[in-house]
Amino acid sequence: MLLEIVSITLVFAAIVVLAWPLGKYIAAVYAGERHWSDRVFGPLERLSFRLSGIDPSREMTWQEHLRTLLTINVVWFFWSMFVLMNQGWLPWNPDGNPSMTPDLAFNTTASFIVNCNLQHYSGESGLSYFSQIFAIMFFQFVSAGTGMAAGAVVFNAMRQRTAAQLGNFYDYFLKSCTRILLPVSFVATLVLIAEGTPMNLFEGKDTVTTLQGDTVQVSRGPAAAMIAIKQAGTNGGGYFGVNSAHPLENPTALTNAVENILILLIPIAFIFALGFYLKNRRLARVIFGAMTLGFLMILAVTIWSEFQGNPNLNRMGISQTEGSMEGKEVRLGAGFSALWAISTTATSNGSVNAMHDSFTPLGGAMQLLDMMINALYGGVGVGFLNFYIFIILSAFIGGLMVGRTPELLGKKVEAREMKIAMLVALLHPFLILVGTAIAAWLSASGNPMAANWLNNPGYHGFSEMLYEFTSASANNGSGFEGLADNNPFWNISTGIVLLLSRYLPIIGPVAIAGLMAAKKTIPESAGTLRSDSATFGILILTVIFILAALAFFPALALGPLAEHFSF
Amino acid sequence: MKQNLVPALRLTLVTLVIFSGLYTLVLWAAAQALPTHGLGERIERSEGGYFYANIGQVFTEERYFWSRPSAVDYNAAGSGGSNKGPTNPDYLATVQARIDTFLAHHPGVRRADIPADLVTASGSGLDPNISPQAALVQAARVAGARGLEVSRVEALVRQNTEPRLFGIFGKEKINVLRLNLALDAMK
C-alpha cells in the first residue's frame with residue numbers, strides 16, 4: 001500500500017508540473033497574444049474560418065455568445081441523431097451493428113453533446129466505426145471545445161474593466177480544439193498505440209482460437225484515436241463497453257498513468273490559465289488550493305476504504321492484502337483504481353478503469369460526493385463555471401458576514417446575479433433528488449417497468465439509481481453499471497437531465513459574468529473581502545461542503561452509508 | 001439564430017473533416033510506423049495464427065494455470081464486469097462456491113493463501129493477468145498434472161513475473177497465457 005501511495009503522489013505531482021506551463025499556454029491562446037502557435041495552427045484556422053464564412057475578429061456580447069453556442073449545438077444534435085439512427089446502413093460498419101432505437105439515440109446524443117458519456121450501449125455491439133469516429137469522437141473534440149470557449153468568455157468578463165464586448169465565440173471554440181485538445185491528444189495517442197491499443201480502420205472483429213482450443217472473438221477498430229481525446233477533453237466515452245478497464249483500451253501501467261494524467265491535466269491547467277490571464281496568480285492559487293484540498297480528502301478516504309477490502313470476503317478467510325479486487329484489474333490494482341475513480345468523478349470525465357458498482361460502499365459514497373459537488377476541478381471549461389457559481393455564493397455570504405455589499409474582483413454582486421447563481425446551484429440537487437425519488441418509487445412500488453432494473457438488492461440497489469441521476473446531472477457519465485439502463489425510462493429521463501444540467505450551468509455563469517463585466521469597477525478598500533486570500537479559499541470550500549451535505553446527505557445515508565454500516 | 005445557422009452548418013462540416021477525418025487518418029498512418037502497427041500486441045504461434053497478449057483466456061484443464069473469474073467468459077466480442085455490490089448475498093454465495101471449488105482442486109492449500117483476485121471477477125472480464133501469489137498457489141496442482149517438480153514450476157512462475165513499471169507504478173503481475181505457453185514449451 002505504501003508503494004501505491006508514493007506512486008499516486010508522483011502521478012499527481014506530474015499533473016501539477018505539466019499543468020503549470022500548459023495553463024500559461026492556454027492563457028496566451030485566449031488572450032490572442034502573438035504566439036509561436038500562430039505559425040503552426042494559424043493557417044488551418046484561417047482556412048476553416050474562410051470556408052465557414054466566419055469573421056473570427058468580430059467581438060460578441062454575452063448574449064451573442066450564448067446564441068452562437070446554442071445554435072451550433074442544435075446543428076450537432078441533429079447530425080448525431082441522424083448518424084446513430086442510421087448507422088446500420090451507413091458506410092464503415094464492418095461488424096454489421098444495428099441502428100439505434102430513437103430513445104437510445106436521443107440518450108447517446110444528449111450525453112455526448114453535453115460532453116458526458118452516459119453510455120447505455122456497449123461500443124463493441126452498439127456502434128459502427130463510422131458512429132464511433134464521426135459522432136462520438138467528433139463530440140469529444142467539439143463539446144469539450146464548447147465548454148472551454150464558455151470558460152474563456154467568463155475569463156474575459158472577469159478582467160477588471162467595464163466592457164460589453166467579450167471576444168468571438170468561434171475563435172475561442174476553434175482554438176480550444178486545434179491548439180489545446182488536438183496536440184495533447186495526438187501525443188498521448190502515439191503512446192497508447194505503441195503500448196498495444198488497436199488503431200485499425202478496416203478489419204472488424206477478429207476470431208481467435210485459444211490455447212485450449214476454444215473459439216472467441218476480439219473486438220477492435222480505431223480505438224486509440226478516441227481514447228486520448230476522451231480523457232483530454234474530460235468526455236470519458238470509451239471505445240469498448242468497459243471503458244479503460246478494457247485491456248486493449250488501457251493495456252499497461254504506463255497507459256494508465258498517461259490516461260489518468262490527461263483526465264486531470266486540462267481541468268487543472270484551466271485554473272492556472274485564469275491566473276495568468278487575469279494576471280492574478282494569487283486568485284488561481286486560492287482556487288487551486290481549495291479544489292485540491294477537497295479532492296485529496298475525498299481521495300484519501302477512497303484509497304483507505306479500497307485497501308480495507310470487502311469485510312464479507314475477509315470473513316470467508318481468504319487473503320485480501322491487495323484490497324478489494326471485484327471489478328478491478330490486476331495490472332492496475334486497488335490504489336490506481338481508487339485514484340482514477342476520484343479523478344474521473346471530480347472532473348466530470350466519466351471514464352472508468354474499474355467497475356464503480358463493485359467498489360466498497362465508502363468508495364462509492366466518495367464517487368457520489370465528488371459528482372454532487374461537481375466543482376473540484378470539474379470538466380474542461382465548465383468545471384470552472386461551476387466553481388464560479390460557488391465563488392459568487394461565497395462572495396455573497398462573506399459580504400453579509402462583514403456587513404458590506406458583496407463584491408468580486410472590483411464589481412458589485414447584486415440581486416440579479418445572486419438569483420441566477422442560486423437557480424444554478426439548486427438545479428443540480430433538484431434534478432438528482434427528484435429523478436432518484438421517481439425511480440425509487442417506481443422500483444419500490446413494483447411497477448412492471450422497473451422489474452429488472454437493479455442488479456443488487458437493498459441499499460446498493462438504491463445507490464445504483466442515485467448514481468445514475470447524479471452522474472447524468474454532473475455530466476459525468478460513469479455508472480453503477482449493474483443498472484439496466486437501456487430502456488425508455490432511463491434513456492429519456494437521464495437524457496433530459498443531461499441537457500438541462502449542461503446548458504443552464506453554462507448560460508447562468510456566462511450571464512452573471514457578462515452582467516458584472518458591464519458594471520463600473522469600484523476601488524478596493526480596507527473593508528473589501530479579498531477573493532485572492534486563503535480565508536476566501538476556505539470560505540468557498542466550506543460553502544461547497546455545507547451545500548453538498550445539506551442537499552445530499554439524506555440520499556447518501558439511504559444508499560452507500562447504510563450499506564457501509566450493514567457490514 | 002438564423003444568421004448564425006449557416007456559419008454553424010459550415011463550421012460543423014469543416015470540423016468533421018479535421019477532427020474526425022484527417023486526425024484519424026494521420027493517426028492510422030502513424031500507427032503503421034509503430035511496432036504494433038495499430039493491431040495490438042500479438043503472440044505468434046509456431047503452428048500459425050496468433051493470440052492477443054492482452055486479452056485473457058479461459059483455462060479449465062488441470063495442466064494449466066487458471067485465469068480470474070470473468071463475467072463474459074473471456075469472449076472479447078464484448079466486455080463486462082459482474083457489477084455485484086459488496087453486500088449482495090447472491091454474490092457472496094458465488095465467491096464462497098469459487099473458494100470451495102478451488103480448495104477441492106488444490107488439496108493442501110489453506111484458505112488464507114487464496115488471494116482475492118483468484119475468486120473475484122475483473123472489471124473488463126478479459127483480465128489477462130493474475131497476481132504472483134495467485135500463480136504460486138496453483139503451482140503444486142499444475143506440477144502434479146504434468147509430472148514436474150513443484151520447484152521447477154515455481155521457478156517458471158518467478159521467471160514470468162512482470163515487475164512494476166520503473167519499480168513503483170502498477171502491480172507485479174503474471175500474464176496467464178504467456179505462463180501457460182512457457183509451461184507447454186518446457187521439456
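Every value quoted in this text rests on a predicted model; they were computed, and no experiment measured them. Chain letters run A, B, ... following the sequence lines, proteins first and then strands; every chain starts at 1.
In plain terms, the two heavy atoms of A/Ser52 and B/Val14 that are nearest each other are OG-CG2, 3.7 Å. Between B/Ile55 and A/Pro247, the closest heavy-atom pair is CD1-CG, 4.3 Å. Closest of all the heavy-atom pairs between A/Val330 and B/Ser131 is CG1-N, 3.9 Å. Residues A/Ala194 and B/Leu34 approach most closely at N-CD1, 4.2 Å, considering heavy atoms.
Of the atoms belonging to B/Pro86, heavy atoms from both backbone and side chain fall under 4.5 Å from chain A. Interface remark: A/Glu464 contributes side-chain atoms only to the contact with chain B (heavy atom separation under 4.5 Å). If you measure heavy-atom distances from A/Gln140 to chain B, you find no contacts under 4.5 Å at all. There is no contact between A/Ser244 and chain B, counting heavy-atom distances below 4.5 Å. With a 4.5 Å cut-off on non-hydrogen atoms, A/Val218 touches chain B through its backbone and its side chain both. For A/Asp95, no part lies under 4.5 angstrom from a heavy atom of chain B. When heavy atoms are compared at a cutoff of 4.5 Å, B/Ala30 approaches chain A solely by way of its side chain, counted from C-beta outward. Contact annotation for A/Leu181: neither backbone nor side-chain heavy atoms come within less than 4.5 Å of a heavy atom of chain B. Proximity to chain B (any heavy atom under 4.5 Å) is restricted, for A/Arg50, to the backbone atoms N, CA, C and O. Contacts of B/Arg45 with chain A are made by side-chain atoms alone, with heavy-atom separations under 4.5 Å and no backbone atom involved. Using a 4.5 Å cut-off between heavy atoms, A/Phe169 does not touch chain B at all. Interface residue A/Leu211: backbone and side-chain heavy atoms are both found under 4.5 Å from chain B. Looking at A/Lys328, the atoms closer than 4.5 Å to chain B (heavy atoms on both sides) all sit in the backbone: N, CA, C or O. In this structure, chain A has a heavy atom under 4.5 Å from the side chain of B/Thr36, while its backbone stays farther away. When heavy atoms are compared at a cutoff of 4.5 Å, A/Ser125 does not approach chain B at all.
Note that the OG atom of B/Ser20 and the CD atom of A/Gln132 stand 11.5 Å from one another [nearest 0.5 Å]. From A/Asp214, atom CG reaches atom CG of B/Asp73 across 9.5 Å, with rounding to the nearest 0.5 Å. Taken from CZ in A/Arg315 to CD in B/Gln96, the straight-line distance is 12.5 Å, to the nearest 0.5 Å. Note that CZ of A/Arg331 is 13.5 Å distant from CG of B/Leu165, once rounded to the nearest 0.5 Å. From B/Asp117, atom CG reaches atom OG of A/Ser319 across 9.0 Å, with rounding to the nearest 0.5 Å. Here the CG atom belonging to B/Leu27 is positioned 5.0 Å from the OG1 atom belonging to A/Thr189, to the nearest 0.5 angstrom.
No other option in A/Phe240, A/Phe336, A/Phe49, A/Phe186 has as many heavy-atom pairs under 4.5 Å with chain B as A/Phe186. Top candidate by heavy-atom pairs under 4.5 Å with chain B, chosen from A/Leu254, A/Thr207, A/Ile72, is A/Ile72. Between chain B and the options A/Glu329, A/His246, A/Glu4, A/Met137, heavy-atom pairs under 4.5 Å are most frequent for A/Glu329. Contact count against chain B (heavy-atom pairs under 4.5 Å) is highest for A/Gln212 among A/Met325, A/Gln212, A/Met355, A/Met199. Considering only heavy-atom pairs separated by less than 4.5 Å from chain A, the leading option among B/Val58, B/Asp113, B/Asp90, B/Val26 is B/Val58. Between chain B and the options A/Leu44, A/Val142, A/Leu47, A/Ile133, heavy-atom pairs under 4.5 Å are most frequent for A/Ile133. Looking only at heavy-atom pairs under 4.5 Å with chain B, the residue among A/Leu313, A/Leu3, A/Val208 that has the most is A/Leu3. Among B/Gln133, B/Glu162, B/Glu41, B/Glu61, the residue with the largest count of heavy-atom pairs under 4.5 Å with chain A is B/Glu61.
A donor atom on one side chain and an acceptor atom on the other are not found under 3.5 Å apart for B/Tyr91 and A/Asn312.
You'll find the side chain of A/Met316 reaches within 4.5 Å of the side chain of B/Leu92, heavy atoms only. Between B/Tyr50 and A/Asp206, the closest side-chain pair of non-hydrogen atoms falls below 4.5 Å. Here the side chains of B/Asn88 and A/Asn455 are not in contact, with every heavy-atom distance at 4.5 Å or above. With a 4.5 Å cut-off on side-chain heavy atoms, A/Phe173 and B/Leu11 count as touching. At a threshold of 4.5 Å between non-hydrogen side-chain atoms, the residues B/Pro115 and A/Glu322 do not count as touching.
Residues of residues 166-184 of chain B lying under 4.5 angstrom from chain A, judged on non-hydrogen atoms, are B/Gly167, B/Ile168, B/Phe169, B/Gly170, B/Lys171, B/Lys173, B/Leu177, B/Asn180, B/Leu181, B/Asp184 in numerical order.
Between the side chain of A/Thr71 and the backbone N or O of B/Leu5 there is no donor-acceptor pair closer than 3.5 Å. Side-chain atoms of B/Arg10 come within 3.5 Å of backbone N or O of A/Leu51 as a donor-acceptor pair.
Among pairs with a residue in residues 191-203 of chain A, those fulfilling side chain to side chain donor-acceptor pair (under 3.5 Å) read A/Glu195-A/Thr252, A/Asn200-A/Glu203, at least two apart in sequence or across chains.
When the ring pair (Phe, Tyr, Trp, His ring centres under 6.0 Å) test is applied to A/Phe141, the partners found at least two apart in sequence or on another chain are B/Phe19, B/Tyr23.
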Could you list the donor-acceptor pairs under 3.5 angstrom formed between side-chain atoms of residues 75-83 of chain B and any protein atom two or more places apart in sequence or on another chain?
residue: B/Asn75; atom: OD1; partner: A/Gln217; partner atom: N; Å: 3.0
residue: B/Asn75; atom: OD1; partner: B/Ala77; partner atom: N; Å: 3.2
residue: B/Ser79; atom: OG; partner: A/Glu124; partner atom: OE2; Å: 2.7
residue: B/Ser79; atom: OG; partner: A/Val242; partner atom: N; Å: 3.3
residue: B/Ser82; atom: OG; partner: A/Glu326; partner atom: OE2; Å: 2.5
residue: B/Ser82; atom: OG; partner: B/Lys84; partner atom: N; Å: 3.2

